[in-house]
> 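Got a structure for you, questions after.
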Amino acid sequence: MTLFTSQSAAMFYDKLFSSLDFTLPRAATGRRGFPKEAIVCAFIVMKCEGFAQITDLMDYLDNNRLIAHYCGFNIMEPLPSYWTYDRCLRQLNNGALKSIMADLVRQQLESGATRKIVDASFIGLDSTPVMANTKQNNPKSFAKNKFSKENHPKSDPDCALGVHSASNQHNERRYEFYWGYKSHVLVDCISGLPLYELTTPGNIADSAVAAEILAAADQTISLKECAFLADKGYDAKSIYNTVKTVYEGEAFIPLNPRSTKASKTLPAGNPICAAGLAMHKDGKTTDNGRTRQKYCCPFRQSKTGVCPCNHKNWNNGKKNRGCTKYKTVPDDYRLSIDRSCLCFKRTYALRTECERYNSRFKSTGQERLWVRNGTSAANLNTLAHISALTVALAAVLHGSHSYRSAKQLRRSA
(Lines give C-alpha, C1' and ligand atoms only; values in the text may rest on other atoms or scores of the structure.)
Protein backbone atom coordinates (compact mmCIF):
# COMPACT_ATOMS: atom_id res chain seq x y z
CA MET A 1 0.00 0.00 0.00
CA THR A 2 2.89 2.37 0.67
CA LEU A 3 3.93 1.92 -2.98
CA PHE A 4 0.86 3.86 -4.08
CA THR A 5 0.99 6.59 -1.41
CA SER A 6 3.87 9.04 -1.11
CA GLN A 7 5.60 9.27 2.21
CA SER A 8 4.81 12.96 2.65
CA ALA A 9 1.09 12.46 1.94
CA ALA A 10 0.90 9.52 4.35
CA MET A 11 2.63 11.44 7.13
CA PHE A 12 0.51 14.52 6.42
CA TYR A 13 -2.81 12.71 6.87
CA ASP A 14 -1.44 10.73 9.79
CA LYS A 15 -0.72 14.02 11.58
CA LEU A 16 -4.02 15.49 10.42
CA PHE A 17 -6.35 12.79 11.72
CA SER A 18 -4.34 12.10 14.87
CA SER A 19 -5.11 15.72 15.85
CA LEU A 20 -8.83 15.38 15.07
CA ASP A 21 -11.09 13.77 17.65
CA PHE A 22 -14.88 13.89 17.35
CA THR A 23 -17.95 11.66 17.40
CA LEU A 24 -21.26 12.02 15.59
CA PRO A 25 -24.64 10.67 16.79
CA ARG A 26 -25.79 7.39 15.30
CA ALA A 27 -29.26 6.10 14.57
CA ALA A 28 -30.73 3.85 17.28
CA THR A 29 -31.97 1.28 14.75
CA GLY A 30 -31.18 0.22 11.22
CA ARG A 31 -28.06 -0.85 9.42
CA ARG A 32 -24.78 0.47 10.71
CA GLY A 33 -23.24 1.22 7.33
CA PHE A 34 -20.03 3.22 7.12
CA PRO A 35 -18.98 5.31 10.15
CA LYS A 36 -20.04 8.93 9.78
CA GLU A 37 -16.73 10.02 11.27
CA ALA A 38 -14.86 8.24 8.46
CA ILE A 39 -17.02 9.87 5.80
CA VAL A 40 -16.42 13.32 7.35
CA CYS A 41 -12.68 12.62 7.33
CA ALA A 42 -12.98 11.63 3.67
CA PHE A 43 -14.59 15.00 2.92
CA ILE A 44 -11.70 16.68 4.74
CA VAL A 45 -9.33 14.84 2.40
CA MET A 46 -11.46 16.11 -0.48
CA LYS A 47 -11.08 19.72 0.68
CA CYS A 48 -7.34 19.40 1.40
CA GLU A 49 -6.74 18.00 -2.09
CA GLY A 50 -9.01 20.61 -3.70
CA PHE A 51 -11.28 18.07 -5.40
CA ALA A 52 -14.47 19.54 -6.81
CA GLN A 53 -16.19 16.20 -7.48
CA ILE A 54 -16.92 13.11 -5.40
CA THR A 55 -15.62 10.89 -8.20
CA ASP A 56 -12.17 12.45 -7.80
CA LEU A 57 -12.26 11.67 -4.08
CA MET A 58 -13.31 8.07 -4.74
CA ASP A 59 -10.47 7.53 -7.20
CA TYR A 60 -7.96 9.09 -4.81
CA LEU A 61 -8.97 6.92 -1.84
CA ASP A 62 -9.16 3.81 -3.99
CA ASN A 63 -5.57 4.38 -5.18
CA ASN A 64 -4.35 5.42 -1.71
CA ARG A 65 -5.81 2.85 0.65
CA LEU A 66 -3.47 3.93 3.42
CA ILE A 67 -5.14 7.35 3.52
CA ALA A 68 -8.55 5.63 3.48
CA HIS A 69 -7.34 3.66 6.52
CA TYR A 70 -6.39 6.92 8.27
CA CYS A 71 -9.91 8.18 7.55
CA GLY A 72 -11.36 5.22 9.43
CA PHE A 73 -12.52 2.89 6.66
CA ASN A 74 -11.97 -0.86 6.59
CA ILE A 75 -9.72 -1.11 3.54
CA MET A 76 -10.24 -4.89 3.33
CA GLU A 77 -13.82 -4.18 2.21
CA PRO A 78 -15.24 -1.99 -0.59
CA LEU A 79 -15.09 1.75 0.06
CA PRO A 80 -18.24 3.94 0.00
CA SER A 81 -19.95 4.55 -3.31
CA TYR A 82 -20.88 7.90 -4.82
CA TRP A 83 -24.44 7.68 -3.51
CA THR A 84 -23.21 6.93 0.02
CA TYR A 85 -21.27 10.18 0.09
CA ASP A 86 -24.13 12.11 -1.48
CA ARG A 87 -26.73 10.69 0.91
CA CYS A 88 -24.57 11.36 3.96
CA LEU A 89 -24.02 14.94 2.82
CA ARG A 90 -27.78 15.51 2.50
CA GLN A 91 -28.66 13.87 5.82
CA LEU A 92 -25.80 15.20 7.93
CA ASN A 93 -26.82 17.73 10.58
CA ASN A 94 -25.02 21.01 9.98
CA GLY A 95 -25.25 21.80 13.70
CA ALA A 96 -23.06 18.78 14.44
CA LEU A 97 -20.43 20.04 11.98
CA LYS A 98 -20.55 23.50 13.57
CA SER A 99 -19.91 21.85 16.93
CA ILE A 100 -16.80 20.19 15.50
CA MET A 101 -15.66 23.56 14.16
CA ALA A 102 -16.27 25.22 17.54
CA ASP A 103 -14.23 22.50 19.31
CA LEU A 104 -11.36 23.08 16.88
CA VAL A 105 -11.44 26.82 17.60
CA ARG A 106 -11.32 26.10 21.36
CA GLN A 107 -8.35 23.79 20.84
CA GLN A 108 -6.57 26.56 18.93
CA LEU A 109 -6.99 28.74 22.01
CA GLU A 110 -5.24 26.18 24.21
CA SER A 111 -2.75 24.56 21.83
CA GLY A 112 -0.03 27.21 21.89
CA ALA A 113 2.66 26.82 24.53
CA THR A 114 3.63 30.49 24.70
CA ARG A 115 0.79 32.16 22.78
CA LYS A 116 -2.71 31.50 21.56
CA ILE A 117 -3.06 30.53 17.92
CA VAL A 118 -6.39 32.32 17.40
CA ASP A 119 -7.48 35.51 19.06
CA ALA A 120 -10.51 37.77 18.91
CA SER A 121 -8.67 41.07 19.26
CA PHE A 122 -9.04 41.83 15.54
CA ILE A 123 -11.86 40.04 13.76
CA GLY A 124 -13.12 40.52 10.22
CA LEU A 125 -16.44 39.52 8.69
CA ASP A 126 -16.90 38.96 4.99
CA SER A 127 -18.92 36.84 2.61
CA THR A 128 -17.99 35.03 -0.58
CA PRO A 129 -20.40 33.84 -3.28
CA VAL A 130 -20.85 30.11 -3.90
CA MET A 131 -22.26 29.31 -7.35
CA ALA A 132 -25.07 26.77 -7.56
CA ASN A 133 -24.92 23.81 -9.93
CA THR A 134 -27.27 25.19 -12.57
CA LYS A 135 -27.04 26.13 -16.23
CA GLN A 136 -27.98 29.75 -15.44
CA ASN A 137 -24.49 30.24 -13.98
CA ASN A 138 -22.80 28.96 -17.12
CA PRO A 139 -21.51 31.98 -19.10
CA LYS A 140 -21.74 29.94 -22.32
CA SER A 141 -25.40 29.09 -21.79
CA PHE A 142 -27.88 30.54 -24.28
CA ALA A 143 -30.84 30.36 -21.89
CA LYS A 144 -33.07 33.44 -21.92
CA ASN A 145 -33.51 35.64 -18.84
CA LYS A 146 -30.92 33.66 -16.90
CA PHE A 147 -30.97 36.07 -13.97
CA SER A 148 -34.66 36.84 -13.76
CA LYS A 149 -36.38 36.18 -10.44
CA GLU A 150 -39.24 34.51 -12.27
CA ASN A 151 -36.81 32.06 -13.90
CA HIS A 152 -35.72 30.20 -10.76
CA PRO A 153 -33.45 27.17 -11.42
CA LYS A 154 -35.39 23.92 -11.24
CA SER A 155 -32.27 21.92 -10.40
CA ASP A 156 -31.69 23.68 -7.05
CA PRO A 157 -34.86 25.00 -5.35
CA ASP A 158 -32.94 26.25 -2.30
CA CYS A 159 -30.59 28.68 -4.06
CA ALA A 160 -31.42 32.35 -4.61
CA LEU A 161 -30.43 35.18 -6.92
CA GLY A 162 -27.50 37.14 -5.55
CA VAL A 163 -25.22 39.91 -6.73
CA HIS A 164 -21.46 39.90 -6.40
CA SER A 165 -19.34 43.03 -6.66
CA ALA A 166 -16.54 42.61 -9.18
CA SER A 167 -14.58 45.63 -7.96
CA ASN A 168 -13.62 47.15 -4.61
CA GLN A 169 -13.32 50.68 -6.04
CA HIS A 170 -15.92 53.19 -4.87
CA ASN A 171 -16.14 54.91 -8.24
CA GLU A 172 -16.75 51.73 -10.23
CA ARG A 173 -20.13 50.01 -10.51
CA ARG A 174 -19.14 46.59 -11.80
CA TYR A 175 -21.21 43.72 -10.48
CA GLU A 176 -22.29 40.24 -11.48
CA PHE A 177 -25.48 38.30 -10.84
CA TYR A 178 -25.43 34.63 -9.90
CA TRP A 179 -27.68 31.86 -8.59
CA GLY A 180 -26.37 30.27 -5.43
CA TYR A 181 -25.43 30.86 -1.82
CA LYS A 182 -23.19 32.95 0.41
CA SER A 183 -20.61 31.75 2.89
CA HIS A 184 -20.32 34.33 5.69
CA VAL A 185 -17.06 33.83 7.59
CA LEU A 186 -15.79 35.52 10.74
CA VAL A 187 -11.98 35.47 10.48
CA ASP A 188 -9.24 36.15 13.00
CA CYS A 189 -7.30 38.87 11.17
CA ILE A 190 -4.03 37.96 12.91
CA SER A 191 -3.84 34.21 12.35
CA GLY A 192 -6.05 34.16 9.25
CA LEU A 193 -8.20 31.30 10.60
CA PRO A 194 -12.01 31.09 10.66
CA LEU A 195 -13.89 31.49 13.93
CA TYR A 196 -17.46 30.95 12.74
CA GLU A 197 -19.28 30.53 9.45
CA LEU A 198 -22.85 30.70 8.20
CA THR A 199 -24.27 29.68 4.83
CA THR A 200 -27.28 31.59 3.51
CA PRO A 201 -29.04 31.93 0.14
CA GLY A 202 -27.48 34.44 -2.21
CA ASN A 203 -30.19 37.08 -1.71
CA ILE A 204 -29.47 37.62 2.01
CA ALA A 205 -27.71 40.92 2.72
CA ASP A 206 -24.38 40.77 4.57
CA SER A 207 -25.50 43.23 7.23
CA ALA A 208 -28.66 41.23 7.98
CA VAL A 209 -26.77 38.29 9.53
CA ALA A 210 -23.85 40.12 11.17
CA ALA A 211 -25.44 40.26 14.64
CA GLU A 212 -26.37 36.57 14.48
CA ILE A 213 -22.82 35.58 13.51
CA LEU A 214 -21.25 37.66 16.27
CA ALA A 215 -23.61 36.23 18.89
CA ALA A 216 -22.88 32.64 17.80
CA ALA A 217 -19.12 33.21 17.68
CA ASP A 218 -19.17 34.76 21.15
CA GLN A 219 -20.39 31.41 22.50
CA THR A 220 -17.10 29.84 21.38
CA ILE A 221 -14.57 32.63 21.84
CA SER A 222 -15.12 35.83 23.80
CA LEU A 223 -15.47 38.89 21.55
CA LYS A 224 -15.25 41.39 24.39
CA GLU A 225 -13.27 44.54 23.53
CA CYS A 226 -12.71 43.32 19.96
CA ALA A 227 -11.89 45.41 16.90
CA PHE A 228 -14.53 44.56 14.30
CA LEU A 229 -13.42 45.03 10.68
CA ALA A 230 -15.77 44.87 7.70
CA ASP A 231 -16.29 46.48 4.31
CA LYS A 232 -18.91 49.09 3.46
CA GLY A 233 -21.54 46.38 2.97
CA TYR A 234 -21.79 46.23 6.78
CA ASP A 235 -22.22 50.00 7.21
CA ALA A 236 -25.40 49.80 9.27
CA LYS A 237 -26.14 51.67 12.49
CA SER A 238 -27.34 48.49 14.23
CA ILE A 239 -23.98 46.77 13.67
CA TYR A 240 -22.06 49.72 15.14
CA ASN A 241 -24.31 49.80 18.21
CA THR A 242 -24.02 46.03 18.68
CA VAL A 243 -20.23 46.10 18.58
CA LYS A 244 -20.08 49.08 20.93
CA THR A 245 -22.72 48.21 23.51
CA VAL A 246 -22.81 44.39 23.53
CA TYR A 247 -19.14 43.57 23.03
CA GLU A 248 -17.56 46.87 24.20
CA GLY A 249 -15.49 46.90 21.02
CA GLU A 250 -14.60 49.29 18.23
CA ALA A 251 -15.93 49.15 14.67
CA PHE A 252 -13.69 49.84 11.67
CA ILE A 253 -16.12 50.09 8.76
CA PRO A 254 -15.93 52.63 5.90
CA LEU A 255 -18.97 54.74 5.17
CA ASN A 256 -21.27 53.63 2.40
CA PRO A 257 -22.10 56.73 0.29
CA ARG A 258 -25.48 55.19 -0.69
CA SER A 259 -25.75 57.23 -3.90
CA THR A 260 -25.33 60.56 -2.10
CA LYS A 261 -23.59 63.47 -3.78
CA ALA A 262 -20.80 65.30 -2.00
CA SER A 263 -21.98 68.87 -1.40
CA LYS A 264 -19.63 71.85 -1.36
CA THR A 265 -19.02 73.27 2.11
CA LEU A 266 -16.99 76.05 3.70
CA PRO A 267 -14.21 75.34 6.24
CA ALA A 268 -16.72 76.20 8.97
CA GLY A 269 -19.04 73.45 7.72
CA ASN A 270 -21.73 75.64 6.15
CA PRO A 271 -22.94 74.24 2.81
CA ILE A 272 -22.92 76.31 -0.36
CA CYS A 273 -26.11 76.70 -2.36
CA ALA A 274 -26.47 76.28 -6.11
CA ALA A 275 -25.79 80.00 -6.58
CA GLY A 276 -22.46 79.78 -4.74
CA LEU A 277 -23.61 81.57 -1.57
CA ALA A 278 -22.89 80.41 1.99
CA MET A 279 -26.08 79.19 3.65
CA HIS A 280 -27.09 80.16 7.20
CA LYS A 281 -28.07 77.91 10.09
CA ASP A 282 -31.78 77.67 10.77
CA GLY A 283 -32.23 75.41 13.79
CA LYS A 284 -32.18 71.64 14.21
CA THR A 285 -34.75 68.96 13.60
CA THR A 286 -34.98 65.41 14.98
CA ASP A 287 -36.73 62.58 13.15
CA ASN A 288 -36.25 58.81 12.72
CA GLY A 289 -33.72 58.75 15.54
CA ARG A 290 -31.36 61.28 13.94
CA THR A 291 -30.65 64.98 14.45
CA ARG A 292 -30.15 67.24 11.43
CA GLN A 293 -28.93 70.83 11.18
CA LYS A 294 -31.05 72.93 8.84
CA TYR A 295 -29.46 75.54 6.56
CA CYS A 296 -31.38 78.19 4.65
CA CYS A 297 -30.85 80.77 1.95
CA PRO A 298 -29.14 83.97 3.20
CA PHE A 299 -31.83 86.07 1.45
CA ARG A 300 -34.81 84.03 2.61
CA GLN A 301 -36.53 87.04 4.31
CA SER A 302 -35.04 89.75 2.12
CA LYS A 303 -37.50 91.93 0.20
CA THR A 304 -34.90 93.38 -2.16
CA GLY A 305 -32.52 90.46 -2.61
CA VAL A 306 -32.43 88.50 -5.84
CA CYS A 307 -31.51 84.82 -6.18
CA PRO A 308 -28.59 84.63 -8.68
CA CYS A 309 -29.69 81.19 -9.96
CA ASN A 310 -33.44 81.93 -9.80
CA HIS A 311 -34.16 78.89 -7.63
CA LYS A 312 -37.62 77.37 -7.94
CA ASN A 313 -38.33 78.09 -4.25
CA TRP A 314 -37.41 81.76 -4.54
CA ASN A 315 -40.65 82.92 -6.14
CA ASN A 316 -42.95 80.70 -4.09
CA GLY A 317 -44.91 83.59 -2.64
CA LYS A 318 -44.06 82.63 0.96
CA LYS A 319 -42.39 84.66 3.70
CA ASN A 320 -39.36 82.36 3.92
CA ARG A 321 -38.00 81.99 0.44
CA GLY A 322 -35.07 80.18 -1.15
CA CYS A 323 -33.56 76.71 -0.95
CA THR A 324 -32.87 74.70 2.20
CA LYS A 325 -30.40 71.93 3.01
CA TYR A 326 -29.97 69.51 5.88
CA LYS A 327 -26.80 68.10 7.38
CA THR A 328 -26.86 65.16 9.79
CA VAL A 329 -25.27 66.00 13.12
CA PRO A 330 -22.83 63.22 14.19
CA ASP A 331 -24.55 62.37 17.45
CA ASP A 332 -24.28 58.57 17.07
CA TYR A 333 -21.32 56.20 17.16
CA ARG A 334 -21.35 55.53 13.42
CA LEU A 335 -20.79 59.16 12.45
CA SER A 336 -18.41 59.95 15.29
CA ILE A 337 -15.65 57.67 13.96
CA ASP A 338 -12.68 59.52 12.45
CA ARG A 339 -12.03 57.47 9.32
CA SER A 340 -9.23 59.75 8.10
CA CYS A 341 -6.92 59.12 11.05
CA LEU A 342 -3.87 56.86 10.80
CA CYS A 343 -5.17 54.46 13.45
CA PHE A 344 -8.31 53.70 11.47
CA LYS A 345 -6.40 53.19 8.21
CA ARG A 346 -3.79 50.88 9.71
CA THR A 347 -6.35 48.81 11.58
CA TYR A 348 -8.67 48.54 8.60
CA ALA A 349 -5.74 47.32 6.49
CA LEU A 350 -5.85 44.07 8.50
CA ARG A 351 -9.15 43.25 6.78
CA THR A 352 -7.20 41.99 3.76
CA GLU A 353 -6.77 38.77 5.75
CA CYS A 354 -10.46 38.07 5.03
CA GLU A 355 -9.76 38.26 1.30
CA ARG A 356 -6.80 35.91 1.65
CA TYR A 357 -8.89 33.39 3.53
CA ASN A 358 -11.67 33.61 0.93
CA SER A 359 -9.06 32.78 -1.70
CA ARG A 360 -7.95 29.71 0.26
CA PHE A 361 -11.61 28.75 0.73
CA LYS A 362 -12.25 28.84 -3.02
CA SER A 363 -9.14 26.75 -3.69
CA THR A 364 -10.81 23.84 -1.89
CA GLY A 365 -13.30 23.54 -4.76
CA GLN A 366 -16.09 25.56 -3.16
CA GLU A 367 -16.39 28.31 -5.75
CA ARG A 368 -18.84 26.20 -7.79
CA LEU A 369 -20.93 23.47 -6.22
CA TRP A 370 -21.76 20.01 -7.55
CA VAL A 371 -24.62 19.47 -5.07
CA ARG A 372 -28.14 20.78 -5.67
CA ASN A 373 -29.72 21.52 -2.30
CA GLY A 374 -29.14 23.96 0.53
CA THR A 375 -28.30 21.38 3.21
CA SER A 376 -25.49 19.82 1.18
CA ALA A 377 -24.15 23.25 0.23
CA ALA A 378 -24.03 24.35 3.89
CA ASN A 379 -22.35 21.11 4.94
CA LEU A 380 -19.70 21.37 2.24
CA ASN A 381 -18.92 24.96 3.24
CA THR A 382 -18.57 23.98 6.90
CA LEU A 383 -16.35 21.02 5.99
CA ALA A 384 -14.05 23.35 4.03
CA HIS A 385 -13.63 25.56 7.12
CA ILE A 386 -13.11 22.50 9.33
CA SER A 387 -10.31 21.32 7.04
CA ALA A 388 -8.53 24.69 7.38
CA LEU A 389 -8.74 24.54 11.19
CA THR A 390 -7.62 20.90 11.25
CA VAL A 391 -4.54 21.68 9.17
CA ALA A 392 -3.68 24.57 11.49
CA LEU A 393 -4.09 22.44 14.61
CA ALA A 394 -2.00 19.60 13.20
CA ALA A 395 0.75 22.02 12.19
CA VAL A 396 0.94 23.59 15.65
CA LEU A 397 0.82 20.30 17.55
CA HIS A 398 3.67 18.87 15.46
CA GLY A 399 5.90 21.93 15.67
CA SER A 400 5.32 23.40 12.20
CA HIS A 401 4.78 27.09 11.54
CA SER A 402 2.94 26.62 8.24
CA TYR A 403 -0.51 26.45 9.78
CA ARG A 404 -2.23 28.38 6.97
CA SER A 405 -1.32 26.14 4.05
CA ALA A 406 -1.88 22.41 3.70
CA LYS A 407 0.74 22.23 0.93
CA GLN A 408 3.48 23.68 3.14
CA LEU A 409 2.60 21.32 5.96
CA ARG A 410 2.77 18.41 3.53
CA ARG A 411 6.23 19.47 2.36
CA SER A 412 7.47 19.58 5.94
CA ALA A 413 6.01 16.12 6.72
> Would you kindly say whether Ser81 and Thr84 are connected by a side-chain donor-acceptor distance under 3.5 Å?
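Checked: Ser81/Thr84 side chains pair up, N/O donor to acceptor below 3.5 Å.
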> Begin from the C-alpha positions of Phe22 and Glu37 and carry the test side chain to side chain contact (heavy atoms under 4.5 Å, CB included) through to its verdict.
CA-CA 7 Å; Phe22 66 95; Glu37 295 81 3; 3.8 Å; yes
> Side chain to side chain contact (heavy atoms under 4.5 Å, CB included), that's the test. Do Phe252 and Ile337 meet it? Break it down for me.
CA-CA 8 Å; Phe252 294 84; Ile337 299 175; over 6 Å; no
> How many angstroms lie between OG1 in Thr220 and CD in Gln108, if you round to the nearest 0.5 Å?
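Interatomic distance, Thr220 OG1 to Gln108 CD, rounded to 0.5 Å: 12.5 Å.
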> Does a donor on one side chain and an acceptor on the other come within less than 3.5 Å for Tyr60 and Glu49?
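Tyr60 vs Glu49: donor-acceptor pair found between side chains.
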> Backbone N or O of Gly95 within a donor-acceptor pair of the Ser99 side chain at under 3.5 Å?
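Present.
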> To the nearest 0.5 Å, what is the distance between NE2 (His184) and OH (Tyr196)?
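Answer for the NE2-OH pair, His184 versus Tyr196, is 11.0 Å.
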> Could you walk me through whether Asp126 and Val187 satisfy the side chain to side chain contact (heavy atoms under 4.5 Å, CB included) test, starting with their C-alpha distance in whole Å, then the side-chain angles of each, then the deciding distance to 0.1 Å, before giving a yes or no?
CA-CA 8 Å; Asp126 198 9; Val187 179; over 6 Å; no
> Assess the side chains of Ser148 and Glu150: does a donor N or O sit below 3.5 Å from an acceptor N or O?
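Indeed, the side chains of Ser148 and Glu150 share at least one donor-acceptor pair under 3.5 Å.
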> Any donor-acceptor pair under 3.5 Å linking the side chain of Asp188 with the backbone of Ala120?
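Checking the backbone N and O of Ala120 against the side chain of Asp188, no donor-acceptor pair under 3.5 Å is found.
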> side-chain hydrogen bond (donor to acceptor under 3.5 Å, both in side chains) between Ser127 and Asp206: does it pass, once the steps are laid out?
CA-CA 7 Å; Ser127 67; Asp206 295 345; 3.0 Å; yes
> Say whether, by atom type as modelled, one donor and one acceptor occur between the side chain of Lys281 and the main chain of Gln293 under 3.5 angstrom.
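Judged by distance alone, no pair lies under 3.5 Å.
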> Pairing donors with acceptors under 3.5 angstrom, does anything connect the side chains of Glu250 and Tyr240?
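Side chains of Glu250 and Tyr240: no pair found under 3.5 Å.
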> Is any side-chain heavy atom of Pro129 closer than 4.5 Å to a side-chain heavy atom of Tyr181?
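No - every pair of side-chain heavy atoms lies 4.5 Å or more apart.
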> Let me check something: any side-chain donor-acceptor pairs from residues 371-385 under 3.5 Å, sequence neighbours excluded? List them with distances.
from   : atom 1 : to     : atom 2 : distance (Å)
Arg372 : NE     : Asn133 : O      : 3.3
Asn373 : OD1    : Thr375 : N      : 3.4
Asn373 : OD1    : Ser376 : N      : 2.8
Asn373 : OD1    : Ser376 : OG     : 2.8
Asn373 : ND2    : Ser376 : OG     : 3.2
Asn379 : OD1    : Asn94  : ND2    : 3.0
Asn379 : ND2    : Leu89  : O      : 2.8
Asn379 : ND2    : Leu92  : O      : 3.1
Asn379 : ND2    : Thr375 : O      : 3.3
Asn381 : OD1    : Gln366 : NE2    : 2.6
Asn381 : ND2    : Thr199 : OG1    : 3.1
Asn381 : ND2    : Ala377 : O      : 3.3
Thr382 : OG1    : Asn94  : ND2    : 3.0
Thr382 : OG1    : Glu197 : OE2    : 2.4
Thr382 : OG1    : Ala378 : O      : 2.9
His385 : ND1    : Tyr357 : OH     : 2.6
His385 : NE2    : Ser183 : OG     : 3.3

> Whether the side chain of Asp282 engages the backbone of Lys294 through a donor-acceptor N/O pair (distance < 3.5 Å, no angle test) should be reported.
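Here the side-chain-to-backbone pair does not exist.
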> Between Tyr175 and Phe177, how do the two ring planes meet: parallel, tilted or perpendicular, split at 30° and 60°?
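Answer is perpendicular, since the angle exceeds 60°.
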> Is Lys325 close enough and on-axis enough to Tyr295, meaning under 6.0 Å and within 45°, for cation-pi?
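No, cation not above the ring by the 6.0 Å, 45° rule.
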> Give a yes or no answer on whether the side chain of Tyr70 reaches the backbone of Arg65 with a donor-acceptor pair at less than 3.5 Å.
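No; zero donor-acceptor contacts below 3.5 Å.
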> Measuring centre to centre across the rings, with the benzene-like ring taken for any Trp, is Phe43 within less than 6.0 Å of Tyr85?
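They qualify: ring centres under 6.0 Å apart.
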